[in-house]
Amino acid sequence: DTGVSQDPRHKITKRGQNVTFRCDPISEHNRLYWYRQTLGQGPEFLTYFQNEAQLEKSRLLSDRFSAERPKGSFSTLEIQRTEQGDSAMYLCASSEAVRFNTGELFFGEGSRLTVL
Amino acid sequence: GESVGLHLPTLSVQEGDNSIINCAYSNSASDYFIWYKQESGKGPQFIIDIRSNMDKRQGQRVTVLLNKTVKHLSLQIAATQPGDSAVYFCAEYGAQKLVFGQGTRLTINP
């Protein structure tokens with residue numbers, strides 16, 4: 001399978017615990033995005049990387065959230081001291097940063113977080 | 001984009017009929033407007049895009065119309081099939097990121 005891979009697919013945790021999600025993009029895609037989606041809503045932008053550089057972070061990404069892409073390949077999204085409001089689907093997407101990027105992102109199937 | 005809350009707009013059509021899904025967007029400076037399809041339990045999947053300087057683009061069984069005067073985007077699906085059942089999101093692309101708009105749940109009646 002050569003699509004975007006996310007792990008774990010489901011995570012249930014207690015409030016206050018830390019969680020980490022991993023995303024493996026399509027190889028050779030140098031852009032990687034994280035989005036968050038809650039029930040009934042469209043995905044909301046969190047952050048994106050071009051290669052290993054994190055170029056933009058949304059105001060939604062509080063200090064408890066950190067994302068990395070150390071070698072420009074896979075990425076991790078860590079949430080510290082989880083709160084019930086963090087319960088959501090965390091989606092990763094990748095794309096090629098070609099000259100005429102049209103916004104065609106390839107999404108993974110997401111990591112669903114439930115904070116009890 | 002504008003979020004729709006827990007109650008998505010819905011559209012029910014008969015199998016074989018044409019479907020038209022509408023979306024209002026907010027940012028006139030966007031470079032592209034895109035439609036994504038999201039099936040239950042899956043991530044969004046790209047369907048078709050349209051550059052901001054165009055008003056119509058056709059794909060396989062789908063057509064996107066862009067009316068910049070009223071900031072309106074529509075997706076037409078011809079001969080709707082059961083596999084078209086999903087939530088459809090419009091999105092704007094600009095400044096290197098996608099901003100998703102309201103979703104519409106499309107249900108196909110046999």
Side-chain angles (χ1 to χ4, degrees), chain A residues 1 3-7 9-10 21 23-26 29-51 53-61 88-112, chain B residues 1-10 21-27 29-54 57 59 62 64 66 73 75 86-105:
Chain A
D1 184 64
V4 177
S5 177
Q6 292 190 245
D7 183 72
R9 293 291 313 281
H10 303 275
F21 301 114
C23 172
D24 287 273
I26 294 172
H29 279 189
N30 50 12
R31 284 197 187 158
L32 186 147
Y33 296 78
W34 285 99
Y35 281 78
R36 180 174 70 185
Q37 186 175 29
T38 53
L39 189 63
Q41 306 269 347
E44 297 173 293
F45 170 79
L46 292 179
T47 188
Y48 92 95
F49 295 82
Q50 180 150 322
N51 300 313
Q54 187 173 19
L55 297 186
E56 187 172 347
K57 293 193 293 185
S58 163
R59 285 171 294 178
L60 293 174
L61 217 62
M89 176 76 83
Y90 290 86
L91 292 162
C92 177
S94 68
S95 75
E96 291 182 277
V98 297
R99 183 181 175 189
F100 298 110
N101 192 303
T102 64
E104 181 177 1
L105 302 190
F106 295 83
F107 282 86
E109 297 198 328
S111 293
R112 181 170 295 284
Chain B
E2 190 176 318
S3 59
V4 292
L6 289 176
H7 299 285
L8 288 170
T10 58
I21 301 171
N22 297 303
C23 174
Y25 65 89
S26 56
N27 186 0
S30 297
D31 300 316
Y32 283 87
F33 298 89
I34 308 105
W35 283 98
Y36 277 81
K37 172 185 180 182
Q38 187 172 27
E39 297 175 85
S40 180
K42 296 186 176 181
Q45 179 183 14
F46 174 91
I47 301 174
I48 190 169
D49 62 18
I50 186 167
R51 194 165 183 164
S52 58
N53 62 355
M54 299 172 63
R57 188 175 185 209
V62 294
V64 57
L66 176 62
L73 189 69
L75 177 71
V87 177
Y88 289 81
F89 289 99
C90 61
E92 307 169 45
Y93 183 75
Q96 314 301 326
K97 65 179 183 287
L98 273 179
V99 176
F100 284 83
Q102 60 186 101
T104 296
R105 183 178 302 280

For this session: Count the heavy-atom pairs under 4.5 Å between each of V87(B), D49(B), L98(B) and chain A, then report the option with the highest count.
Result: L98(B)

Exercise. What residues, two or more places apart in sequence or in another chain, satisfy side chain to side chain contact (heavy atoms under 4.5 Å, CB included) together with T47(A)?
Worked result: W34(A), F49(A), Q54(A), K57(A), L61(A), A67(A)

Seminar exercise, completed: Value for CD (Q41(A)) from CZ (F89(B)), rounded to nearest 0.5 Å, stands at 8.5 Å

Problem set entry | Side-chain donor-acceptor contact under 3.5 Å, Q38(B) with Q37(A) | yes

For this session: Quick one: closest heavy-atom pair of K97(B) and Y35(A), and the distance?
Result: C-OH, 4.3 Å

Exercise. Relative to chain A, which segment of I34(B) carries a heavy atom at a distance below 4.5 Å: side chain, backbone, both, or neither?
Worked result: side chain

For this session: Check Y33(A) against Q96(B) and note the closest heavy-atom contact, atom names and distance.
Result: OH-O, 2.7 Å

Exercise. Using a cut-off of under 4.5 Å for heavy-atom pairs, which of G43(B), P44(B), A95(B) has the most such pairs with chain A?
Worked result: P44(B)

For this session: Measure the spacing between OG of S95(A) and OH of Y93(B) and express it to the nearest 0.5 Å.
Result: 6.0 Å

Problem set entry | Interchain contact, Y36(B) with chain A, by part (heavy-atom threshold 4.5 Å) | side chain

For this session: Measure F106(A) against the heavy atoms of chain B and call it side chain, backbone, both or neither at under 4.5 Å.
Result: neither

For this session: With a 4.5 angstrom heavy-atom cut-off, could you sort out which part of R9(A) is near chain B: side chain, backbone, both or neither?
Result: side chain

Exercise. Chain B: which of M89(A), E56(A), R112(A) shares the most heavy-atom pairs with it under 4.5 Å?
Worked result: E56(A)

